[in-house]
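Letters A, B, ... are given to chains in the order of the sequence lines, protein chains preceding strands, and every chain is numbered from 1.
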2 protein chains.
Amino acid sequence: MFSIGELSKQAKVKIPTIRYYESIGLLAPAERTEGNQRRYTAEGLERLGFIKHARELGFSVESISSLIELQEHPDRSCYEATELAETQLRAVRAKIRQLRSLEQELARISTGCSGDDVSENCYVLSALANHNLCNKDH
Amino acid sequence: MFSIGELSKQAKVKIPTIRYYESIGLLAPAERTEGNQRRYTAEGLERLGFIKHARELGFSVESISSLIELQEHPDRSCYEATELAETQLRAVRAKIRQLRSLEQELARISTGCSGDDVSENCYVLSALANHNLCNKDH
DNA sequence: TATAATATCTCTAGCGACTAGAGGTTCAAG
DNA sequence: CTTGAACCTCTAGTCGCTAGAGATATTATA
């Protein structure tokens with residue numbers, strides 16, 4: 001039985017975030033002391049670790065709710081959990097593709113004019129103003 | 001002189017977003033008709049295009065404000081604008097690195113157990129629960 | 001010119017996922 | 001038993017929009 005501060009330290013999740021997770025139903029309501037303070041067990045730490053890990057992998061809170069529900073119904077869970085993970089993977093890959101094209105354009109833009117050469121036409125600014133100077137259609 | 005709807009169509013930026021940009025000072029207040037409706041010129045379209053493009057490149061609204069200010073002071077602008085672009089580039093590259101490691105882990109997780117094999121232990125769920133099953137330390 | 005349809009106006013509230021702060025209570029160490 | 005750190009709830013703020021209500025303006029047609 002440890003306090004929310006201890007849990008926060010162990011799980012590396014901020015205290016207000018823990019309370020927030022409880023408030024939206026992602027964490028079950030914690031047990032309380034006489035004086036109304038939250039007390040947790042190893043189980044709570046595990047659950048919070050799960051949530052943290054999933055968040056770091058980019059799952060939305062909603063998806064995590066689904067995953068937690070799946071944990072409670074082990075029959076169909078594997079198929080659906082794998083599907084959720086694959087959806088997440090597709091989203092991550094799409095995001096990477098998008099960022100790569102941004103990277104290219106930004107790299108091109110920022111090497112376009114050197115900082116030393118203080119000319120009247122800054123290539124960065126004109127590249128931003130004028131989409132024609134850009135390869136991609138985002 | 002065209003309406004906000006026309007501007008929206010031309011710039012491919014939604015009407016509420018245009019009003020929002022005006023409200024936070026990113027766009028100068030538009031001229032108005034007798035009946036209080038906004039009217040724009042080609043200049044407004046250009047500015048909005050600049051903003052849109054910069055947003056698509058991931059610049060924050062705050063950075064865009066800076067860029068717009070720089071446009072008005074062409075003397076030091078090139079150096080500072082290039083710096084902003086480079087900062088943005090670094091952020092994009094960091095984000096890509098992070099997403100790549102997520103991609104790897106998600107790929108590993110979601111191929112770990114096939115959906116058909118409905119076992120009691122779903123690898124997706126245990127991988128999420130147990131950070132030790134993961135290569136990275138995020 | 002009258003009317004109807006469409007477009008616009010302002011204002012408020014909501015989204016996701018937290019974060020920060022005020023003002024008050026409880027716990028644990030000395 | 002006192003003190004100070006940790007905890008409590010509640011409200012409001014963050015960012016970058018988006019949605020809706022209810023009122024007014026413009027434009028096209030009859």
Side-chain angles (χ1 to χ4, degrees), chain A residues 1-27 29-40 44 47-48 50-68 84 87-88 91-92 95 98 102 138, chain B residues 1-27 29-41 44 47-68 87-88 91 95 98 102 138:
Chain A
M1 282 298 199
F2 42 90
S3 70
I4 196 170
E6 203 50 44
L7 179 65
S8 169
K9 240 178 255 159
Q10 300 277 327
K12 284 166 194 151
V13 173
K14 287 178 188 162
I15 291 175
T17 305
I18 296 170
R19 291 199 274 244
Y20 169 70
Y21 286 159
E22 188 185 305
S23 81
I24 61 170
L26 209 48
L27 283 174
E31 284 183 57
R32 302 290 184 125
T33 63
E34 291 273 304
N36 199 33
Q37 300 196 354
R38 290 171 181 83
R39 285 300 114 106
Y40 296 91
R47 178 80 123 228
L48 185 55
F50 177 95
I51 293 169
K52 192 197 179 200
H53 196 185
R55 284 293 302 135
E56 284 169 343
L57 290 170
F59 287 86
S60 68
V61 164
E62 204 189 337
S63 299
I64 297 173
S65 281
S66 308
L67 288 170
I68 288 174
L84 277 172
T87 299
Q88 189 55 34
V92 165
K95 193 77 195 169
Q98 193 200 344
L102 296 195
H138 27 235
Chain B
M1 283 300 199
F2 42 90
S3 70
I4 196 170
E6 202 53 43
L7 180 64
S8 170
K9 239 177 256 162
Q10 300 276 326
K12 284 168 195 149
V13 172
K14 286 176 189 164
I15 291 174
T17 305
I18 296 170
R19 291 198 275 245
Y20 169 71
Y21 285 159
E22 188 185 305
S23 80
I24 61 171
L26 210 50
L27 283 174
E31 286 183 57
R32 302 288 184 126
T33 62
E34 291 273 304
N36 199 35
Q37 299 196 352
R38 290 169 180 84
R39 285 301 114 106
Y40 297 90
T41 63
R47 180 77 124 230
L48 185 55
F50 178 95
I51 293 168
K52 192 197 179 198
H53 197 187
R55 284 293 301 136
E56 284 169 341
L57 290 171
F59 286 86
S60 69
V61 163
E62 202 189 339
S63 298
I64 297 173
S65 281
S66 308
L67 288 169
I68 287 174
T87 299
Q88 188 55 33
K95 193 76 195 167
Q98 193 200 344
L102 296 196
H138 27 237

Heteroatom pairs (N/O) under 3.5 angstrom, protein to nucleotides 18-21 of chain C:
{"unit_1": "C:dC18", "atom_1": "OP2", "unit_2": "A:Tyr21", "atom_2": "OH", "d": "2.8"}
{"unit_1": "C:dC18", "atom_1": "OP2", "unit_2": "A:Arg55", "atom_2": "NE", "d": "2.9"}
{"unit_1": "C:dT19", "atom_1": "OP2", "unit_2": "A:Thr17", "atom_2": "OG1", "d": "2.8"}

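No donor-acceptor pair under 3.5 Å is formed between the side chain of B:Gln37 and the backbone N or O of B:Ser3. Looking only at distances, no side-chain donor or acceptor of B:Thr41 sits under 3.5 Å from a matching main-chain atom of B:Met1.
How far NZ of A:Lys9 is from CZ of A:Phe2: 12.0 Å, rounded to the nearest 0.5 Å. The line from CG of B:Leu48 to CD of B:Glu22 is 11.5 Å long, rounded to the nearest 0.5 Å. The distance from the CD atom of A:Glu62 to the OG atom of A:Ser66 is 6.0 Å, given to the nearest 0.5 Å. Distance CG/B:Leu102 to CD/B:Gln98: 5.5 Å, rounded to 0.5 Å. A distance of 12.5 Å separates CZ of B:Arg47 from OH of B:Tyr40, quoted to the nearest 0.5 Å.
Heavy-atom nearest nucleotides on DNA chain D were determined for B:Thr33 and for A:Gly35, and the one closer to the 5' end corresponds to A:Gly35. Nucleotides of DNA chain C nearest to A:Phe59 and A:Glu34 differ in position, and the one nearer the 5' end is that of A:Phe59.
Considering only side-chain atoms of A:Ser60, the nucleotide from C:dC27, C:dC9, C:dA17 that sits closest is C:dA17.
Nearest heavy atoms, B:Leu26 versus B:Ile68: O-CD1, 3.7 Å. Looking at every heavy atom in both residues, B:Gly58 comes nearest to B:Gln88 through O-NE2, 3.1 Å. Smallest separation of non-hydrogen atoms from B:Gly5 and B:Ile15: CA-CD1, 3.9 Å.
Looking at heavy-atom distances under 4.0 Å, A:Ile15 makes contact with sugar-phosphate atoms alone, never a base.
At whole-Å resolution of the value, CG in A:Leu26 and C1' in C:dG16 are 13 Å apart. For the pair A:Met1 CE and C:dA28 P, the computed distance is 13 Å after rounding to whole Å. The distance from atom CZ of B:Arg39 to atom P of C:dA7 is 13 Å, rounded to the nearest whole Å.
The footprint of chain A on DNA chain D, defined by a heavy-atom cutoff below 4.0 Å, extends from D:dC7 to D:dT9.
Tested against A:Phe59 for a side-chain contact (heavy atoms from CB on, under 4.5 Å), the candidates A:Ile51, A:Leu67, A:Thr87 yield a single pass: A:Leu67.
End-to-end axis angle of the helix from C:dT1-D:dA30 to C:dG30-D:dC1, using five pairs per end and rounding to 10°, comes to 10°.
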